[in-house]
Amino acid sequence: MSDLFDLVVIGGGPGGYVAALRASQLGMNVALVESTHMGGVCLNWGCIPTKALLRSAEVYHTLGHLQEYGLSANQPSFDLAAIVKRSRGVAERMGKGVAHLLKKAKVTTFDGRGRLAGRAGEAHKVSITKDGKETAQIRAPHVILATGARGRQLPGLETDGKLVWGAREAMTPDTLPKRLLVIGSGAIGIEFASFYRDLGCEVTIAEVADRILMTEDAEISAQAHKAFEKRGMTIHTGAKVGPLKKGANEVSTTIETAKGKVDLTVDRVICAVGIVGNVEDLGLEGTKVKVDRSHIQTDEFCRTGEPGIYAIGDVAAPPWLAHKASHEGVICVEKISGRSPEPLHARNIPGCIYARPQVASVGLSEEKAKAEGYKVRVGRFPFLANGKAVAMGEPEGMTKTVFDAETGELLGAHMIGSEVTEMIQGYVIARTGELTDAELMETVFPHPTISETMHEAVLTAYEGALHI
């Protein structure tokens, strides 16, 4: 086997393996270097297995409310080990699927860590090591860095795998904590808070910002806050968490807010305070690749400052989402192949949070649109006025739209409630296709569906809502 390839991808996460598959489709000879599991953190320890956990918790919650649907069951219960086993099984199945796709596409895979090792003429050299020993050295004129990210560690709040968990420990618990503190209220923190609360844990959330879900529209954030408190969660915003004092099987700390100090003792802590890009030991020294706060700087086609070196996914710019990484992989490879792909438009990338209730959004929030100088028209429609949502027993939620009052451009859309993560794509297509209020108002939505709230939220922005 020759050591010369058209493209080497370092990292087998969503962006990396999609880039490799697309490059193979375009006729390239591709090598993919991965040190742990194909599919990366997302498939093995993030996106997929957490959704399996959340699904189990959702079903258990429904079993506890069967009387609301005219049904009954005797003493619903759960088996934590079986829930975790199912989650791991889903991840394993999907991982095998990725490996099969790569083999089918004739992508050469290497088990180990990839590192830039200088140049050999026009090609970049990549050294591959396993257990500290070099196992191979390969070359290619193009190298994509898709090494992902890891959870951020804060002084005094470091994870230890036993009492203070990161995401990996949180999704593979051997026992269920009765009391849980979640530090951070982004997607990861909120999803774990939702999972553990549905299984009966006392959940406290501490967020340093002045509201939870800071990347979401403020109105949606406020509604989520109320929904989580209604479920029995305790939420502290503008919160500073003091040093963690560890006992034999519990953790004590102090949470300080503008309202005062709260002393808290819990069984476990989940620290979900952001991510750090995996840029260490990539051989970036001596290259023109620039790193800003642990993330590699790139242009609109994922090119770094070093010719022939690219970066995609969580190791590069935000938003740090698996679907963004995958799309970057396609764009990057198509640009390398000489095609003319559209650059990535970050504001057209949807964000989804799979808690209960779900949250989904795309584009600008109302406050950001106003801050950028837009004169806006805003539409809101509550799930309570939607027949399908009421029939499903899911009347809590809202769809919100933000339009440019002058041009009719859909600036942003924000949703909270049942299955909104499945529906947000309708607004994403509208933004990608540059549709305006006129086309959205003329679109016929099927009845009865919760998606009708999307239509009504557009009509409401223009004083034409029919059902409120």
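For the pair Glu367 and Arg211, the salt-bridge criterion is met [side-chain N within less than 4.0 Å of a carboxylate O].
Side chain of Arg268 to main chain of Leu176: no donor-acceptor pair is present (N/O by atom type, distance under 3.5 Å, no hydrogens or angles). Asp6 places a side-chain N or O within 3.5 Å of a backbone atom of Asn29 that can act as its donor or acceptor partner.
In this structure, the side chains of Leu411 and Thr401 stay at 4.5 Å or more apart for every pair of heavy atoms.
Smallest separation of non-hydrogen atoms from Cys352 and Ile424: SG-CG2, 4.1 Å. Between Leu7 and Val143, the shortest heavy-atom distance links the atoms CD1-N, 4.3 Å.
Side chains of Glu219 and His414: a donor-acceptor N/O pair is absent below 3.5 angstrom, by distance only. Side-chain atoms of Arg356 and His61 form a donor-acceptor pair, as typed in the model, at a separation below 3.5 Å. Using modelled atom types and a 3.5 Å distance limit, the side chains of Glu306 and Thr287 yield no donor-acceptor pair. A donor and an acceptor atom, one from each side chain of Gln153 and Thr159, are located under 3.5 Å apart.
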Working for salt bridge (Lys or Arg N to Asp or Glu O under 4.0 Å), residues Arg115 and Glu134
CA-CA 10 Å; Arg115 185 181 191 278; Glu134 185 175 76; over 6 Å; no
Begin from the C-alpha positions of His295 and Trp320 and carry the test ring pair (Phe, Tyr, Trp, His ring centres under 6.0 Å) through to its verdict.
CA-CA 11 Å; His295 296 278; Trp320 296 303; 4.4 Å; yes
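Between Tyr310 and His142, the ring planes lie tilted relative to each other; the angle falls in the 30° to 60° range.
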